[in-house]
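To start, the structure under review is shown below, and the notes come after it.
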Amino acid sequence: MLKAGAAYQPIDLAHPADRIAFMLADASPACVITTSDADLPGTTPRLELDAPPRTDHPTGNPTDADRVRPLEPGNAAYVIYTSGSTGRPKGVVVSHAGAVDLCAWAKRDFGPDRLARVLFSTSLNFDVSVFEWLAPLTMGGRIEVVRDLLEIAERGGWSGTLISGVPSAMSALLATGTAALDAGDVVLAGEALPARLVRDLRALMPDARIANIYGPTEATVYATAWFDDGNAAGHAPIGGPIANTRAYVLDASLEPVPVGVPGELYLAGAGVVRGYLDRSALTAERFVACPFGTPGERMYRTGDLARWNAAGQIEYLGRLDHQVKIRGFRIEPGEIETALVRHPAVGQAVVVPREDLPGNPRLVVYVVPAAGAAGTLDPDELRRFAGETLPAYMVPAAVVPLDALPLNPSGKLDRAALPAPDFAARTTGREPRTPAEKLLADLFAEVLGVARVGIDDGFFDLGGDSIIAMRLVSQARRAGLALSPRQVFRHPTVESLAQVALPADAAARTARPRSPARASASSPPRRSCGGCGTSAAPPTRSARASCCAPRRTWASTG
């Protein structure tokens, strides 16, 4: 697609049909590249990868003579949709020049050797994926495609030259105690990097180089980078600007603030994207004239609060608005609130991230009934309703009905007065009947922070997510019960999970031995699908399409 001069737009088939339909209608792609069994809305022409091969396609690289128009550096390379405060996702248009600049930086700061074999674990809908697949392939490297970091836990580990991920996911992966990792570089992005994770990674891989890298989608994946020097006493800084990028910490008058003084972080340089697809007003609001650059140059207002430290590094301090990040996903609470007030029984909705369980931020929505609405609001029904239009990572962990929202003396929402959700209220009465059920019920309660759990209670209905699932696996293994994170997803109740769990010693006897040596880049290992157990060659997108793993679909935008 990129060689042809088209821009690609990733579509996750696991997203709700309404969201997929909106993104396809909003971007108006020229065609959709998918498989014949993909259930997609609309009448956009399709190119099906599993259809009989055609013989009339040219075999050489395309030139401008073959393209609809000459390919210029400013042409769009891809469009990634992020959460939107107006209630609908917005498309970020990234140019070829920005993508090439990202690869040029990767070549300078990593190089072909460090990118020889890279784990590709990030969804195409998350812009970190561009670094994971494009940078290695443009330097002659290889990528190994997995569903997500959960698969690494199931497989027992991975070895290569570079692995990247969100800090919370990497922490949970290490906590399982099952992942033997061997990589020259570990790239962490999307969340604040705790010093403990740096120490844990250093203990596991003493020779690895650990990087904390920051960047919004609007700056073409990455904008600043910090590499561990072995002395991470506190939260790691997000570092300094990468090549061809400039970073400014400014006050409300767009004046630079002194070292140590908080201000808003602005980004300028080659990575700044074209803007938001067909959102000229929003583009003008977030991409402003740069007073420190050449005439006509723009810079991006990140909305992030930051400061320079005495060592010339940028420290991330939080958000200036209510935007949040959960497990690396950027979420606008307004989009969730808009989805919920579409329900006829909901009059008001406020979404708040809470961390009532340390290390586990969760989205909680507080709802007030609409005027004249009959009956009480059903939290489970509202979560199902939200899931009809929102991707899974944006569905609130809890819905709390209130008669009215608490207000402070100035009439604004008093967030501190919002009550904590009562996940225990969702639990059922059936008690465990077997030792395995008793152990799992106790572990569910421990990792979810509730008093008790019945055997019919769903792990995710009680506020669980993929990160907590890996913690559950780790705790169960220490207690003598072998589980995989994928089993928690497929068997989310205590009763069903107890039926597939094995004693840890029995699981160890049946497990295939693994070599601790780093795998050769020329001979990647075979693997088994975590869903069906089928033995397969090194994973590829086309191979996964015929298996039971979730598929991705690309839309090509002319």
Side-chain angles (χ1 to χ4, degrees), residues 1-12 19-34 40 42 44-47 61-84 88-106 122-135 137-138 215-223 244-245 267-288 296-301 330 552-558:
M1 288 178 287
L2 296 180
K3 286 185 177 182
Y8 76 85
Q9 171 199 353
I11 299 290
D12 192 333
R19 190 179 186 87
I20 294 174
F22 170 81
M23 290 192 294
L24 289 176
D26 190 59
S28 300
C31 73
V32 175
I33 302 174
T34 185
L40 285 165
T44 305
R46 298 187 183 192
L47 176 61
N61 287 325
T63 67
D64 280 346
D66 303 306
R67 300 182 180 106
V68 175
R69 63 183 64 87
L71 179 57
E72 302 289 343
N75 289 157
Y78 62 88
V79 177
I80 283 186
Y81 277 77
T82 66
S83 181
R88 286 293 193 180
K90 57 185 183 293
V92 181
V93 184
V94 182
S95 69
H96 280 264
V100 169
D101 185 70
L102 174 73
C103 293
W105 161 75
T122 302
S123 165
L124 284 164
N125 292 270
F126 192 18
D127 66 339
V128 170
S129 65
V130 179
F131 169 74
E132 291 182 354
W133 75 264
L134 186 60
L137 295 184
T138 54
T217 304
E218 290 85 348
T220 312
V221 188
Y222 292 143
N244 298 328
T245 298
L267 300 171
V272 174
V273 305
R274 288 172 35 171
Y276 300 113
L277 182 65
D278 296 332
R279 304 286 198 280
S280 57
L282 183 59
T283 298
E285 176 187 339
R286 304 304 301 183
F287 297 85
V288 299
E297 185 179 5
R298 302 173 307 152
M299 58 183 182
Y300 172 63
R301 295 183 57 188
R330 190 169 77 182
R552 301 288 187 268
T553 292
W554 293 264
S556 176
T557 304

For Y276, ring-ring contact (aromatic ring centres under 6.0 Å, His included) partners two or more places apart: F287

I would like to know whether T220 and Y78 meet side chain to side chain contact (heavy atoms under 4.5 Å, CB included); could you show each step before the answer? CA-CA 10 Å; T220 312; Y78 62 88; 4.0 Å; yes

Should T34 and I11 be marked as a side chain to side chain contact (heavy atoms under 4.5 Å, CB included) after you check the CA-CA gap, both sets of side-chain angles, and the distance that decides it? CA-CA 10 Å; T34 185; I11 299 290; over 6 Å; no

Note: L71 and L2 closest approach over all heavy atoms is CD2-O, 3.9 Å

Using the ring of each side chain (for Trp, its six-membered ring), is W105 parallel, tilted or perpendicular to Y222, with breaks at 30° and 60°? perpendicular

Under the criterion side chain to side chain contact (heavy atoms under 4.5 Å, CB included), I'd like the reasoning laid out for L40 against V32: C-alpha separation, chi angles, the key distance, then a yes or no. CA-CA 9 Å; L40 285 165; V32 175; 3.6 Å; yes

Taking NZ, NE, NH1 and NH2 as the nitrogens, is one of them in D26 or R279 under 4.0 Å from a carboxylate oxygen of the other? yes

Hey, could you give me the CG/CD1 distance between D127 and I80, rounded to the nearest 0.5 Å? 5.0 Å

Hey, is the main chain of R301 close enough, under 3.5 Å, to the side chain of R286 for a donor-acceptor pair? yes

Partner set under side chain to side chain contact (heavy atoms under 4.5 Å, CB included) for V68, not counting sequence neighbours: none

Show the numbers, then the answer: is there a side chain to side chain contact (heavy atoms under 4.5 Å, CB included) between L124 and W133? CA-CA 10 Å; L124 284 164; W133 75 264; 4.2 Å; yes

For R274, what residues pass the side chain to side chain contact (heavy atoms under 4.5 Å, CB included) criterion, not counting sequence neighbours? A76, V93, S95

Whether the side chain of Q9 engages the backbone of P29 through a donor-acceptor N/O pair (distance < 3.5 Å, no angle test) should be reported. no

Can you check whether K90 reaches L277 side chain to side chain, under 4.5 Å on heavy atoms? no

Using a 4.5 Å cut-off on heavy atoms from C-beta on, say whether the side chain of S83 contacts that of R330. no

Hey, does the side chain of R88 reach the backbone of M23 with a donor-acceptor pair shorter than 3.5 angstrom? no

